[in-house]
Amino acid sequence: MTDPQTGSWFARRPRAPQAPDRVILRICARVAPRDKRVHVANMPLGGVEVWVDGNGDRWVHYHRMARELRLAGWYTEVAADRLMVLGWSAECLVHRARMLDAALAGRLSDYARTARSAFAIGTRLREEKVPADEIAIRVRDHVGRELRWPDRLAELDGLERTASLEALRLRLAQVAGLEAKVSRRCAEHLTLASQVVMSLVGPDAGRSARSWTRAPGRLVGITERMVAASVPNRPEVPRPETVTVARRDLAETPR
């Protein structure tokens with residue numbers, strides 16, 4: 001469904017506000033091993049502390065969590081027994097903007113790779129007699145993991161990113177604009193993957209599959225045409241989300 005204001009293929013979903021500690025827990029739980037339970041708590045003077053049960057290699061897990069949290073824009077400090085998240089960092093937000101730009105210029109610009117990946121996985125699953133509905137779900141999940149950013153953006157969904165310092169507000173607005181562009185690009189890749197799956201399991205699956213399995217040179221041409229038909233031919237104009245000033249639940253780090 002097209003959003004008339006942004007031109008996105010998918011209308012914006014209403015998002016319930018999420019507390020920072022809940023979002024931090026979501027990110028850390030993804031990074032931690034499945035057998036490690038993650039805990040979070042708000043610190044009295046601002047910030048969030050994170051720890052996992054058990055002993056041993058907790059320090060390693062904290063560093064992995066810190067890397068993902070820094071990519072989200074937070075300043076972190078790692079201790080032997082816990083990880084502390086101390087607020088937005090201008091340096092980390094610059095890094096996030098740089099990574100979003102790199103994704104747009106790199107993997108998210110390669111639609112042909114998405115089409116080939118979706119075709120290869122869909123073909124294998126069809127030969128394994130997997131039901132058509134499940135093929136579609138598994139192909140989209142695989143492509144989403146390849147793109148990496150759909151899950152990362154979903155983890156921050158509903159988080160109101162605020163700051164009282166002007167420098168941080170500007171950085172947050174820049175990141176919001178890039179995230180909107182990355183979100184649209186990811187949606188285009190997932191839509192393309194779905195269309196490839198339909199060429200394999202839809203009503204015209206036989207004819208479509210035969211056309212995909214022709215000579216390598218011909219395959220490239222078919223891939224290019226499918227990409228051209230699936231990706232909207234329009235300039236991407238990011239609309240940064242409004243960044244408002246609110247009470248600080250986390251300390252702010254303008255470094």
Report task. Could you go through the side chain to side chain contact (heavy atoms under 4.5 Å, CB included) check for L125 and E128 one step at a time? Result -> CA-CA 5 Å; L125 294 175; E128 294 173 0; 3.8 Å; yes
Query - Stepwise side chain to side chain contact (heavy atoms under 4.5 Å, CB included) test for I121 and I135 - result: CA-CA 9 Å; I121 297 166; I135 291 176; over 6 Å; no
Report task. Applying side chain to side chain contact (heavy atoms under 4.5 Å, CB included), run through R185 and L104 and close with a yes or a no. Result -> CA-CA 8 Å; R185 194 77 66 84; L104 289 168; 3.8 Å; yes
Report task. Evaluate the criterion salt bridge (charged side-chain N to carboxylate O under 4.0 Å, His left out) for residue pair E155 and R26; output intermediate values, then yes/no. Result -> CA-CA 7 Å; E155 286 173 341; R26 210 153 54 202; over 6 Å; no
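In this structure, R140 contributes its side chain and L190 its backbone to a donor-acceptor pair below 3.5 Å. Checking side-chain atoms of R148 against main-chain N and O of D151 turns up no donor-acceptor pair under 3.5 Å. Using a distance-only test at 3.5 Å, with no hydrogens or angles considered, no donor-acceptor pair links the side chain of R58 to the main chain of R82. A donor-acceptor contact shorter than 3.5 Å is absent between the side chain of W88 and the backbone of R171. The closest donor-acceptor contact from the side chain of R70 to the backbone of T76 lies at 3.5 Å or more, if one exists at all. In this structure a side-chain-to-backbone donor-acceptor pair under 3.5 Å is missing from S117 to R113. The backbone N or O of V52 lies less than 3.5 Å from a partner atom in the side chain of Y62, making a donor-acceptor pair. Of the possible polar contacts, none joining the S183 side chain to the E179 backbone as a donor-acceptor pair under 3.5 Å is found.
Residues forming a side chain to side chain contact (heavy atoms under 4.5 Å, CB included) with P33 (at least two apart in sequence, or on another chain): D35, K36, H61. Under the side chain to side chain contact (heavy atoms under 4.5 Å, CB included) criterion, L71 pairs with E68, H95, R96, M99, W149, R152, sequence neighbours left out. Legend: residues meeting side chain to side chain contact (heavy atoms under 4.5 Å, CB included) with L170, ordered by chain and number and at least two apart, are E166. Legend: residues meeting side chain to side chain contact (heavy atoms under 4.5 Å, CB included) with R22, ordered by chain and number and at least two apart, are Q18, A19, L25, V40.
Annotation for R124: atom CZ counts as buried by contact number, over 12 foreign heavy atoms lying within 6.0 Å.
Across A193 and V143, no two heavy atoms sit closer than the pair CB-CG2, 3.9 Å. When all heavy atoms are compared, the tightest approach of S109 to A105 is OG-O, 3.1 Å. The shortest non-hydrogen separation linking M43 to V85 is CE-O, 4.4 Å. Looking at every heavy atom in both residues, L168 comes nearest to A163 through CB-CB, 3.7 Å. Closest non-hydrogen pair, A29 versus V38, comes out as CA-CG2, 4.1 Å. For the residue pair L108 and C186, the shortest heavy atom distance occurs at CD2-SG, 3.9 Å.
The shortest side-chain heavy-atom distance between I27 and L156 falls under the 4.5 Å cut-off. At a threshold of 4.5 Å between non-hydrogen side-chain atoms, the residues R107 and L147 count as touching. Taking 4.5 Å as the limit, every side-chain heavy atom of M84 sits out of range of all side-chain heavy atoms of V78. Considering only heavy atoms from C-beta on, L69 comes within 4.5 Å of C28 through its side chain.
Note that the CD atom of E49 and the CG atom of D81 stand 8.5 Å from one another [nearest 0.5 Å]. The distance from the CG atom of D110 to the CD atom of E146 is 10.0 Å, given to the nearest 0.5 Å. D101 CG to R98 CZ: the interatomic distance, rounded to the nearest 0.5 Å, is 9.5 Å. With values rounded to the nearest 0.5 angstrom, Y75 atom OH is found 8.5 Å from C92 atom SG. Interatomic distance, L83 CG to W74 CH2, rounded to the nearest 0.5 Å: 11.0 Å.
By the rule that hydrophobic residues join a cluster once side-chain heavy atoms approach within less than 4.5 Å of another member, V94 and L165 end up as members of separate clusters. Transitive grouping of hydrophobic side chains (ILVMFWY, heavy atoms separated by less than 4.5 Å) keeps I137 and F119 in distinct clusters.
Ion pairing between E188 and R184 fails under the 4.0 Å rule for side-chain N and carboxylate O.
Listed by first and then second residue, the ring pair (Phe, Tyr, Trp, His ring centres under 6.0 Å) pairs that reach into residues 20-44 are H39-W51, sequence neighbours excluded. Residue pairs meeting the ring pair (Phe, Tyr, Trp, His ring centres under 6.0 Å) criterion with at least one member in residues 167-197, sequence neighbours excluded: Y111-H189.
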